[in-house]
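Written below as structure tokens is the structure these notes are about.
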Amino acid sequence: MTDAPTEPFRALTGMRDVLPPEAGRRRALLARFAAAAERAGYAEVSVPVLEELGVFERLGEATDVVTKEMYHFADQDGTELALRPELTAGVVRAFVQHAPTQPWKVWVAGTAFRRERPQRGRYRMFDQVGVEVLGVDDPDLDVEVVALAWQALADLGLRDVTLLVNSLGDHEDRARYTEAVRAYFASLRSALSEAEQDTLDRNPLRLLDSKRPELGPMVAAAPSLAEYRSDEAAAHYERVLAGLRAVGVPYTEAPLLVRGLDYYRRTTFELTSGAIDAAQNALGGGGRYDRLAEDLGGRPTDGIGFALGVDRVLLACDAEGVFDGAGPALDAFVVDLTGGEAARDLTHELRAAGLSADRRFGGGSMRSQMKHADRSGASVALIVGEDELQAGEVTLRPLRGHGADDGEQRRVRREDLVAALRALPAHHDH
RNA sequence: GUGGCCGUAGCUCAGUUUGGCUGAGAGCGCUGGGUUGUGGCCCCAGAGGUCGUGGGUUCGAGCCCCACCGGUCACACCA
């Protein structure tokens, strides 16, 4: 027997308990996303939260996500393991391992971990939903994927969303451009902060989307990415933009959009919310990649995908006042004044018939039970007192929003109860 | 990792200004009652607090100082 803790345990920093009703809202969000993805022919895939460290090291050795923010540790047998910091690498690893027929169109939802300082919209444990497509190098697929991300947000009712699009060109283009940017900022090195000099050495492209206003003029005068794109990459990009216009997805070109992970090439995009009054306004993003499968031991395979941050999407929904996620209310709440047997039996009977029902345990005054019935959101209160019990009936009292005038209360024979509840307009099948 | 702000009831907070005679308050929520079988509005009553933790200053600390813990916001970075 160990000593009891002197203070209660609490969740770790950056790890949050999601309580009702928020947890239900998340599930509803997931259901909406799944429906949107499956309408487009994507099937669900689920991959481990824990992988060998090497799977994620391919994401980019110059990124903080890999170098500083991963939760990793040695397993008992010495294997280096890591909690995934994002979802793509695991999905691609699964693709390589199982070699499914291509194109492989999957959607994925899951939790990822990064050991950062938490702040609004960013936690150490966070959920993402997204899609990945392996095995297709067609710009029209880029259009499909981007449009799907856009539509998923629109389906929730979000309106104040901006789609930022860019093309990083091919690897050679990106490499040449990176060197040009590095050389450019190297000449301005003394004007950079210590941290920025460090960024310059590790990942110069990141300087382009710094939030520091002082850097603005320097960034504006930096080499332009467009001049470094190959003809082929430029044509791909043009086709993507034309496709977005054709399907009616509004976009903003963002030549400075340089996403964090190393594997991106050609199309990259990000979705930001104008409604979130916080720095973490990126709802999600994604892009095309082609070396990831190879880096994970497979054949070179084209891939593209995106991820949406569930926390941030919900933050945006809050800000826009949409998708409150209210679940269906109960069909009935049983108020039992006879000792509890009626409540016990009636709730069971209604549930067995496919209706939703709840009651208050421990009895209490009728006033108290009616209060609970009201707050439960149930369509009706089913009152069972001595009178009803003797008569084999139940009093069916409509509650708020369901024609709640006192006069509409009525008695129903117990054997007719299920049919009577089914006949109510507010009833829903479960 | 760096910096700012904040920790008083389940929740949101007042009280800290000029430390004191208050045994620490409000609203919401919760429980009971006003309505001996009827919720939502109103009224009454009640339960609920080691004032984050530890140390220090002082005759005296919720209030001042230090440390730690926790939260939050921003930066770096990123979803």
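Below, chain A is the first sequence line, B the second, and so on; all start at residue 1.
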Exercise. Have a look at A:R120 and say if it touches a base, only the backbone sugar-phosphate, or nothing, with a 4.0 Å heavy-atom cut-off.
Key: sugar-phosphate
Practice problem: Could you tell me which residues satisfy side-chain contact (heavy atoms from CB on, under 4.5 Å) with A:A226, sequence neighbours excluded, listed by chain and number? | Solution: A:S224, A:R229
Quiz prompt | Residues which pass side-chain contact (heavy atoms from CB on, under 4.5 Å) with A:V18, listed by chain and number, not counting sequence neighbours | solution = A:E22, A:A23, A:R26
Exercise. Select one nucleotide: of B:rG39, B:rC73, B:rG70, the one nearest the side-chain heavy atoms of A:R10.
Key: B:rG70
Self-check item: Partner residues of A:A332 under the side-chain contact (heavy atoms from CB on, under 4.5 Å) criterion, sequence neighbours left out
Solution: A:L350, A:V380, A:L382, A:L421
Quiz item: Between the base of B:rA79 and the side chain of A:E116, is there a donor-acceptor distance below 3.5 Å?
Solution: yes
Exercise. Mind checking ring pair (Phe, Tyr, Trp, His ring centres under 6.0 Å) for A:W104 and listing every partner two or more places apart, or none if nothing turns up?
Key: A:F95
Exercise. Return the value, rounded to whole Å, for the distance between atom CE of A:M70 and atom P of B:rC77.
Key: 18 Å
Quiz item: Salt bridge between A:R351 and A:D331, side-chain N to carboxylate O under 4.0 Å?
Solution: no
Quiz prompt | Partners passing side-chain contact (heavy atoms from CB on, under 4.5 Å) against A:E44 (at least two apart in sequence or in another chain) | solution = A:W107
Quiz item: With sequence neighbours left out, what residues match A:D336 under salt bridge (Lys or Arg N to Asp or Glu O under 4.0 Å)?
Solution: none
Self-check item: Heavy-atom donor-acceptor pair, A:R122 side-chain to B:rC77 base, under 3.5 Å
Solution: yes
Quiz item: Heavy atoms under 4.0 Å, any strand shown: does A:G121 hit a base, just sugar-phosphate, or nothing?
Solution: base
Quiz prompt | Which nucleotide in B:rG40, B:rA76, B:rA79 has an atom nearest any side-chain atom of A:E69 | solution = B:rA76
Exercise. Assign A:A282 to base, sugar-phosphate, or nothing according to its heavy-atom contacts below 4.0 angstrom with the strands shown.
Key: sugar-phosphate
Quiz item: Once each nucleotide of nucleotides 30-36 of chain B is scored for protein heavy atoms under 4.0 Å, what B/S/- sequence comes out, 5' to 3'?
Solution: SSSBB--
Quiz item: Considering only side-chain heavy atoms of A:Q119, which listed nucleotide, B:rA79, B:rC73, B:rU38, is closest?
Solution: B:rC73
Quiz item: Base, sugar-phosphate alone, or nothing: which one does A:F333 contact when heavy atoms must sit under 4.0 Å apart?
Solution: nothing
Quiz item: Residues two or more places apart in sequence or in another chain: which of them pass ring pair (Phe, Tyr, Trp, His ring centres under 6.0 Å) with A:Y289?
Solution: A:Y263
Heteroatom pairs (N/O) under 3.5 angstrom, protein to nucleotides 6-12 of chain B:
none

Quiz item: Starting at CD of A:E270 and ending at P of B:rC77, how long is that distance when rounded to a whole Å?
Solution: 14 Å
Quiz item: With Watson-Crick and G-U wobble geometry limited to distances under 3.5 Å, how should the secondary structure of RNA chain B be encoded in dot-bracket form, using | for bases paired to another strand and [ ] for crossing pairs?
Solution: (((((((..((((......[....)))).(((((.......))))).....(((((..]....))))))))))))....
Quiz prompt | Under the salt bridge (Lys or Arg N to Asp or Glu O under 4.0 Å) test, residues paired with A:D170 that sit two or more places apart | solution = A:R265, A:R266
Self-check item: Upstream residue (5' side of RNA chain B) when A:V310 and A:T395 are each assigned their closest nucleotide
Solution: A:T395
Exercise. Consider the side chain of A:R117, meaning its heavy atoms from C-beta on, and name the nucleotide among B:rU2, B:rG40, B:rC77 that approaches it most closely.
Key: B:rU2
Quiz item: What residues, two or more places apart in sequence or in another chain, satisfy ring pair (Phe, Tyr, Trp, His ring centres under 6.0 Å) together with A:Y228?
Solution: A:Y177
